[in-house]
4 protein chains.
Amino acid sequence: MPENKGTLMNVYELQKQNDANALVRAQRADPAPGPYQIVVQVRAVSLNYRDLMILANPAQTTPRIPVSDGAGEVIAVGTGVTRVAVGDRVAGAFFQNWSAGDVSAAAHDLALGGSVDGMLAEQVLLSEEGVVRFPDHLSYEEAATLPCAAVTVWNALIEQGGLRAGQTVLLLGTGGVSILGLQFAKQHGARVIVTSSSDEKLASAKSLGADETVNYRTTPDWEKAVWEMTGRTGVDQVVEVGGAGTLEKSLQSVRDGGTVSLIGVLTGFEARINPILVLQKSVRLQGIYVGSRATFANMNRAVAQSRLKPVIDRVFPFVEAPVAYEFLRSGSHFGKVVIRVGD
Amino acid sequence: MPENKGTLMNVYELQKQNDANALVRAQRADPAPGPYQIVVQVRAVSLNYRDLMILANPAQTTPRIPVSDGAGEVIAVGTGVTRVAVGDRVAGAFFQNWSAGDVSAAAHDLALGGSVDGMLAEQVLLSEEGVVRFPDHLSYEEAATLPCAAVTVWNALIEQGGLRAGQTVLLLGTGGVSILGLQFAKQHGARVIVTSSSDEKLASAKSLGADETVNYRTTPDWEKAVWEMTGRTGVDQVVEVGGAGTLEKSLQSVRDGGTVSLIGVLTGFEARINPILVLQKSVRLQGIYVGSRATFANMNRAVAQSRLKPVIDRVFPFVEAPVAYEFLRSGSHFGKVVIRVGD
Amino acid sequence: MPENKGTLMNVYELQKQNDANALVRAQRADPAPGPYQIVVQVRAVSLNYRDLMILANPAQTTPRIPVSDGAGEVIAVGTGVTRVAVGDRVAGAFFQNWSAGDVSAAAHDLALGGSVDGMLAEQVLLSEEGVVRFPDHLSYEEAATLPCAAVTVWNALIEQGGLRAGQTVLLLGTGGVSILGLQFAKQHGARVIVTSSSDEKLASAKSLGADETVNYRTTPDWEKAVWEMTGRTGVDQVVEVGGAGTLEKSLQSVRDGGTVSLIGVLTGFEARINPILVLQKSVRLQGIYVGSRATFANMNRAVAQSRLKPVIDRVFPFVEAPVAYEFLRSGSHFGKVVIRVGD
Amino acid sequence: MPENKGTLMNVYELQKQNDANALVRAQRADPAPGPYQIVVQVRAVSLNYRDLMILANPAQTTPRIPVSDGAGEVIAVGTGVTRVAVGDRVAGAFFQNWSAGDVSAAAHDLALGGSVDGMLAEQVLLSEEGVVRFPDHLSYEEAATLPCAAVTVWNALIEQGGLRAGQTVLLLGTGGVSILGLQFAKQHGARVIVTSSSDEKLASAKSLGADETVNYRTTPDWEKAVWEMTGRTGVDQVVEVGGAGTLEKSLQSVRDGGTVSLIGVLTGFEARINPILVLQKSVRLQGIYVGSRATFANMNRAVAQSRLKPVIDRVFPFVEAPVAYEFLRSGSHFGKVVIRVGD
């Protein structure tokens, strides 16, 4: 596809703030690595709701190459680079400078595809600190699903939540975060309840291991159904991805002393909540903002051990990137939406 | 005061649901201990906002002896009792059956002065599991301030919050919880910011060690003042006691990855919050419901080590218990409101 | 078997201190429950190395009904009992008074079959606080394997160790603790390495999910083999059950910052260790002494969720209890040794 | 002192492996910063036992500029540097590449003064990731005491140990680690017991806040004295700095479920220990290897908040560096031994 490979590369750019048609193809010079930097030949990216929000954000700096999640091959390294080598298969880390530790260590001004240029490009220039090698059994398309959605839900359930076998997890919907959460929760021996408005998607969730499902369209009081499913004690953890009006129901679904992880931004959390529920049940309401590179590496060990395969709904070619965005916006997907880059 | 001591004892009872004048004096038979039970001669109780709420709660079972917090002397023990002995100076545990571990181990149907009879009586019959010995340097009046307010804020800041020296804590107001929180935070080497509408109370907080203060009446945008006081990074922990409209400001005052403990019920948390603040800063919003007996004992070791003295605003005699309630309701106190029992 | 059921019951007693033939049958009056007490009709017990050590301990108080681990049916409850009911299928808790929290909450003078009478009897009198209901899918024989070995290794790996998927666990030998550890580790998505001197037992471990095995007889430098199996980084956790000379090798097998749980007493840990290994690799060497009743309940939820079946090597009838002890002493078992009671 | 400042600088080097007189003065070219690098004008260093061990280590690579701990002023920054600026007062981090998180994130091959050149030089070339700003109230001499000893004992007591007010800490001896541990423990409201062979040093420890002291020369069974001081329950934490034969006594001094942090290398831990003590009391024996840069920064906030002053026994001029080494070796110091650089 790229006609003048070697000197110019193809990218997508957000060129105007808050423009529905802002995503346009452009060309930029091929990057060259400085000290401690690397160049990655991107092979695939995956989309998150955040990418839709950035498209719509009137405060977004432009021009900006969008998309946080991508995977590719290291094709050049600068002086001093020791963490990776040419030929390594790597994924970018959402925060380019958060190697380990608490979220306060993450500088928000180095988030790929938002405050700095992202992965929807044939080549990207990154710090050697900003990538991780991914498990051998994954394709580039599969690896591209990991940086944001998978790390976020792993961080919520496993590292912050300390999930263990025998606990019950409630997952809302069947988007990328929830389906990866389902896979990680089952990997740890937990019981999983999934909600959706589609019986077909709920059947798919069951085939991936969900123990119980609730159709929230036919069961609008789904929090009551969850309560009964848990013997009227509530679930141990909820992964709250922010659908309209779900947070209050999530708080009603959790047990005394349980955890609700806030990780989504689907509808912007317009609904406000009554904190009395948090207080009465001693709930931990925990905001989660992706995770560190160390968390990403921990997760990769788990993905490798179980040869876990991320669920991809559909892969679009590079030229159809705007279509992929629209497909994500439609909400009809199950699992992740991927764009192949460079062919 | 008790005329027929030995056979009948004086108590206060809530006799009608949701009656502003419901708190009336009555007499009951002196209790006798069964196996694993003890009788405590109550010497003092302290009041919490919860006690006002119970008075006003239309769903409260009656008749009920109110008040969760009290201290006294063990005067009788039943067969099998090994944890305490006659003559021990003890305080009651808020939850009579939560010895240790996670809040899910606490049965809410055994909360003193709410779901079971409380401490506003000359004698109380308790399980041997439901009391703790208190430090020698404390009077009964001082010990009576510990079971609810002190254990709650210790649990929030120290056990759940893991407070360590050098961190910054924001305390709202100068009620019992906040002043005890100030003392515990300073004991651990933290920096403390206190808010109040009274410069006089702020001066008192400073004399107890507060590093900085904000008058929220003269500085309505106090969250901005707090932000500046922390070099625009935010505080590590907020103890949120639930004043009208404060929670949103508390969330704006906390740092990325910080903790807001929800422990108050001052105004019933009528204000609803926007969860986007929790998400953007990866905040931990943690509901706290007092704490276990083990937490109480841990706190007592700290109180003993520093010979910490709880701050008592005023001590009322038993006959003036209703006046004590009104004094608490007025909000003009600094520290705890105590009622002496049995003299 | 019991001739005069209803008035006298059959038990085993240690009757003389440090007597190889000390385990003798005797009869005692059927117990009757006092307040907050229950009587359990024991159906099965399982043996641990501790039971052999108690038999050989010159300081053991006698007469003593031995064995910590047993399961049966509640047949009578005293006044005030609310946690269980007649007909409930329960297992005894190793420590009769450790409901939850840190090990400092456990009084060592209430350990079944050691400091107080144990389970090798047709009926036992216990506090209602000293039992837990077990999962429905387990037989009494299976449930009898849980109180000591299973709770210990669950506490070590999951609650103290925070095991998560993708980590690597090293288990020494194929006794009850190690095989239950294998099952829990696989349930959480971990990679497991097992050692044994028997290729046959290693094959059995593989069939239960072990990822890799080492025969320590044919590979005396097994710590080097483990090192290679982990890409020369070491395992995340070792469950050290105390074979002669294994601790030094365990310390050599663990990664920087890893954990070695000390839970065994097989050979009395006669070998001394060089702490420099602990220091150089920042190892956490963690002594584990069974666990609380809350830990037992957490584990039971996991056992129920995965319908996990403890591995029993052999079940002996009550009259052959001494033979069961000898079988355990021989070391030829794989999994747990059980004695059926009351038929 | 440096005659040809600007082109050559003075340093000390270990020039031959395992040579008692190996520490010699030399000159090297002034360093110039590459991308992401900085040059620090060193003003002071402090010594640790590790520095003596490196001098005596036959496997040490030479020539090597020794000493891990130093503080100075940033005098030049390379391209891309954002974390610090010229003029900043900084201390070096012991591990140059451990920014945050678990010890497994620390590459041991980047430890100052051991695997890479250290601070006993007029100028040092470091990564911008390898320094921290220190509190304003500290002199360069005081700041030079922090990187190894202070971070290590802070990590042990506060971050790994979770120390809180009311707990009891046992500190062995009055070297740099123990005296800084005393200061941090008192800052957190803990009770502190200190041992020494010198009544004079014990008196100094008392003046710094030690609650109780034991002279281990006049009380060889000091572990029994500690046991009595804690009401026969044992201390919560021991900071074990590795004197001959102390570890067994430390294990005897700690409570059930307590922690013994292994942080010292005074006598090489030649004494071996019996792990049965670890097992019986469920002790956590935790190796500590300094700490991350985030831990260093956390500690600095505490040092700043309390305006804590490290205790310096004596400051030597640069030309007397070998004398400073001998003074440390003599063991007669109380607190830290410092060498002033560059005047």
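Every chain is numbered from 1 and lettered A, B, ... according to where its sequence line falls, protein lines coming before strand lines.
No side-chain donor-acceptor contact under 3.5 Å links His188(D) to the backbone of Gln187(B).
A pairwise comparison of heavy atoms in Ala302(D) and Ala165(B) identifies CB-O, 3.3 Å as the closest pair.
Using a 4.5 Å heavy-atom threshold, the side chains of Arg164(B) and Phe184(D) count as separate. Considering only heavy atoms from C-beta on, Thr168(D) stays 4.5 Å or farther from Gln305(B) through its side chain.
For Asp211(D), the part lying under 4.5 angstrom from a heavy atom of chain B is the side chain only.
Of the listed residues Ser306(D), Ala304(D), Ala190(D), the one with more heavy-atom pairs under 4.5 angstrom with chain B than any other is Ala190(D).
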